[in-house]
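Index from 1, following the sequence. The shown structure was predicted, so the numbers you read here are calculated from the model rather than taken from an experiment.
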Amino acid sequence: MSKQTYTVCFCFRRRFRIPNPEPPTGIKFLFDKYSVNDLMTADHLRRFLLEVQKEEKATIEEAEAIITNNSSFMFHRKGFNLDAFFRYLLGSSVPVLSPHSVHQDMNAPLSHYFIFTGHNSYLTGNQLSSDCSDVPIIQALERGVRVVELDIWPNSTNDDVLVLHGMTLTSPVELSTCFKSIKNHAFSASDYPVVITLEDHLTTELQAKVAEMVHQIFGDMLFTPDKECLEEFPSPESLKKRVIISTKPPKEYLKGEKTKEKGNGSHEKDSSIEAWGSEIPNAFDDKDDSDEDDSDEDEEDLHSGDVAPEYKSLIAIHAGKGKGGLDDWLKVDPDKVRRLSLSEHELEKAAKTHGPQIVRFTQINILRVYPKGMRFDSSNYNPLIGWMHGAQMVAFNMQGYGRSLWLMQGMFRGNGGCGYVKKPEFLLTGGEAVFDPRVKLPLQIKLKITLYMGEGWYYDFKHTHFDAYSPPDFYVRIGIGGAPDDSVMKKSKTVEDSWNPAWNEEFEFPLTVPELALLRIEVHEYDISEKDDFSGQTCLPVRELGKGIRAVPLYSQQGDMYQSVKLLMRFDTTV
């Protein structure tokens, strides 16, 4: 038991005792149920693992090992007392995701996976004036991002290639620097393939120079197709430790300049720059952004006569919209696969009229969605609208933070954090009767969550971080990001003046599309006079939540895991 002193009105001092976390009521009840005479033996623990934690293969030997590794010297030969049992549940040895390694089938075509995708991966901050660098590329790769986007432009003397956001004040970085950093860090977090998408504004001569640079730097890591257009994408498993190039045909340099001028004509500020990020908009809100211009990503077929042949041979994933409108863009060619790029605004409009057609396209082709041009602050959008239509590459600005980015990070904590998540079966099958995201669906499961308590802020924050005059007053927002009918947020009570708040509350969430549901958790510190303080967040794929009692680690706004902060929760599902 320790104490903290807070100064009030210069001379008056308030002293608070900081008690050690105590087992919540629900944990005491379970200990009593699975123990005799205040002792939980290995046999008792095995029953707990089978019945509460739903670990169907738990053995008596595993239970004995858990007790040995988590008990004090006095008790380790016999079993758990209540405190040791409580500490075991709070420990990191009980992962919140189960299984917590790569477990999905990785032998299907790339088009069968959601892929962790970055947008303007070289920017260190906003889209207009921040520096271009290889540092954010390295950081993204170390977080498991598998698709890196580079905008490539000639330098002032037209004899070398730079990476920058064209027609802005962003300072450039050399393309070779970015390539070398990708090579060195591509597989630090995952062995599965890294895709480099190039937005190309080069002359034919510089294309040839890029081709030489790619071969020189990546060598055998580079995947190049045997023929010009693939009939089916290879699998992530077959492309382990490989780098893949994807690009649309190069535009003429002047056309690219005019487009950038047009796209960056406004300096509207997006509301998502608030510390928490704006609340996630509904995927099918009726919005009219018809004045918005997203033409800076227009694509054409890859049959331009001025493309350097050695550059063209690098491209494994061909990008292109072709001519015509949406119906033409979404046509499925039985003889070749390709990548189509749509802005978030274009996808929102297309989803209202062509939802099933988009799903059908993404069953064999790749759809990339990118942020609208007005997001100068590097904010993001609701990724669920892309995922619900099967879009593999929902491209995000990884430089900032906010609720949309937390959803993205949560999705790719799944499947062992390898950067590839297998799409649900209903997005891969159906023939003519494919999944329609706008159709109301029946209830599939109910997710029941018990929020017991939290701890760790006392160790990770200064004692006056939240309140200069008293310990913090924490509450939790908990809910679901997913299909429109599933998306909801609820709020716990506020526990006053406690570094180890105990809520002991239950929440229930009916889910119609559990395969795409993400559990959203935010902890706030209530402030009567100002905005409530950020106190931690996490987002987790519902279909991979471990059953039973789990210690849930929380993350900072940028997505870095806190050393000590965690919530103790219980997860159960019913049909």
Measuring from C229:SG to I315:CD1, what's the distance to the nearest 0.5 Å?
9.5 Å
Any chance the side chains of S379 and D377 put a donor and an acceptor closer than 3.5 Å?
yes
Does R413 come within less than 4.0 Å of E544, counting only side-chain N to carboxylate O?
no
I'd like to know whether NE2 of H354 has more than 12 heavy-atom contacts from other residues, nucleotides or ligands below 6.0 angstrom.
yes
Evaluation steps, side chain to side chain contact (heavy atoms under 4.5 Å, CB included), between S492 and I478:
CA-CA 8 Å; S492 76; I478 184 169; over 6 Å; no
Has S121 got a side-chain atom pairing as donor or acceptor with V148's backbone, closer than 3.5 angstrom?
no
Test applied, side chain to side chain contact (heavy atoms under 4.5 Å, CB included); reference residue, T573; option that passes from K547, Q444, R543
K547
Excluding sequence neighbours, so at least two apart, what forms side-chain contact (heavy atoms from CB on, under 4.5 Å) with R242?
F223, L239
Rounded to the nearest 0.5 Å, what separates atom CG in L554 from atom OH in Y562?
8.0 Å
So, R477 and E279, do they make that salt bridge, N to O below 4.0 Å?
yes
Those residues at least two apart in sequence (or on a different chain) that pass salt bridge (Lys or Arg N to Asp or Glu O under 4.0 Å) with E142 are none
Which class fits the ring pair Y420 and Y113: parallel under 30°, tilted 30 to 60°, perpendicular over 60°?
perpendicular
Spacing of OG belonging to S190 relative to NZ belonging to K240, to within rounding of 0.5 Å:
8.5 Å
Please name all residues satisfying side-chain contact (heavy atoms from CB on, under 4.5 Å) with N365, sequence neighbours left out, ordered by chain then number.
V332, V337, R338, F361
Contacts of S133 that satisfy side-chain hydrogen bond (donor to acceptor under 3.5 Å, both in side chains) - sequence neighbours left out
none
Going from CD1 on I480 to CG on L519, what distance comes out if it is rounded to the nearest 0.5 angstrom?
5.5 Å
So which heavy atom on G559 is nearest to which on R143, and how close?
O-NH1, 3.2 Å
Do side-chain atoms of K423 reach the backbone of T362 as a donor and acceptor pair under 3.5 angstrom?
yes
Assess K372 against Y381: is NZ or CZ under 6.0 Å from the centre of the six-membered ring, and within 45 degrees of the ring's axis?
no
Apply salt bridge (Lys or Arg N to Asp or Glu O under 4.0 Å) to D333 and list each qualifying residue two or more places apart in sequence or on a separate chain.
none
Could you tell me which residues satisfy side-chain contact (heavy atoms from CB on, under 4.5 Å) with V145, sequence neighbours excluded, listed by chain and number?
F116, A140, M398
With distance as the sole test, does H389 use its side chain to make a donor-acceptor pair with the main-chain N or O of I385 at under 3.5 Å?
yes
Check whether the side chains of Y452 and E505 place a donor and an acceptor atom closer than 3.5 Å, and report yes or no.
no
With distance as the sole test, does K490 use its side chain to make a donor-acceptor pair with the main-chain N or O of E508 at under 3.5 Å?
yes
Using side chain to side chain contact (heavy atoms under 4.5 Å, CB included), reason through Q357 and D327 one step at a time and then give a plain yes or no.
CA-CA 9 Å; Q357 196 171 342; D327 288 311; 3.5 Å; yes
Side chains of Q363 and V434, heavy atoms from C-beta outward: is any pair under 4.5 Å?
yes
Is the shortest heavy-atom distance from the side chain of Q392 to the side chain of V147 under 4.5 Å?
no
Grab the two heavy atoms, one from P236 and one from P193, that are nearest each other, plus how far apart they are.
O-CD, 3.5 Å
Does some side-chain heavy atom of D151 sit less than 4.5 Å from a side-chain heavy atom of Y122?
yes
Which distance, rounded to the nearest 0.5 Å, do you find between the CD1 of I245 and the CD1 of I317?
9.5 Å
Mutual orientation of the aromatic rings belonging to W387 and F114 [parallel < 30°, tilted 30-60°, perpendicular > 60°]
tilted
Side chains of P484 and M388: does their closest heavy-atom pair fall under 4.5 Å?
yes
Sequence-distant partners of T197, side-chain hydrogen bond (donor to acceptor under 3.5 Å, both in side chains), two or more places apart
none
Atom of N380, atom of P371 and distance for their closest heavy-atom approach:
OD1-CG, 4.3 Å
Suppose we screen for side-chain hydrogen bond (donor to acceptor under 3.5 Å, both in side chains). Which residues come up paired with R360, at least two apart in sequence or across chains?
none
Show every salt bridge (charged side-chain N to carboxylate O under 4.0 Å, His left out) that has at least one partner inside residues 565-575, sequence neighbours left out.
R570-D572
When you compare the side chain of L97 with that of P541, does any pair of heavy atoms fall below 4.5 Å?
yes
Could you tell me the separation between the OG1 atom of T538 and the CE atom of M561, rounded to the nearest 0.5 Å?
7.5 Å
With side chain to side chain contact (heavy atoms under 4.5 Å, CB included) as the criterion, how do R520 and Q537 come out once you've worked through the C-alpha distance, each side chain's angles and the decisive distance to 0.1 Å?
CA-CA 8 Å; R520 295 177 54 197; Q537 60 82 23; over 6 Å; no
List the residues meeting side-chain hydrogen bond (donor to acceptor under 3.5 Å, both in side chains) with S181, not counting sequence neighbours, and say none if there are none.
D134
Hey, which of E199, E149, E344, E346 is the one that makes salt bridge (Lys or Arg N to Asp or Glu O under 4.0 Å) with R368?
E149
Tell me, do V394 and M408 make a side-chain contact under 4.5 Å, heavy atoms counted?
yes
Under the side-chain contact (heavy atoms from CB on, under 4.5 Å) test, which residues partner T512, sequence neighbours left out?
L441, A483, D485, D486
Salt bridge (Lys or Arg N to Asp or Glu O under 4.0 Å) with R146: which residues, sequence neighbours excluded?
none
Derivation and outcome, side chain to side chain contact (heavy atoms under 4.5 Å, CB included), residues L314 and F218
CA-CA 12 Å; L314 294 176; F218 293 109; over 6 Å; no
Y555 and W406, any side-chain heavy atoms less than 4.5 Å apart:
no
Side-chain heavy-atom pair F396, L407 within 4.5 angstrom cut-off:
no
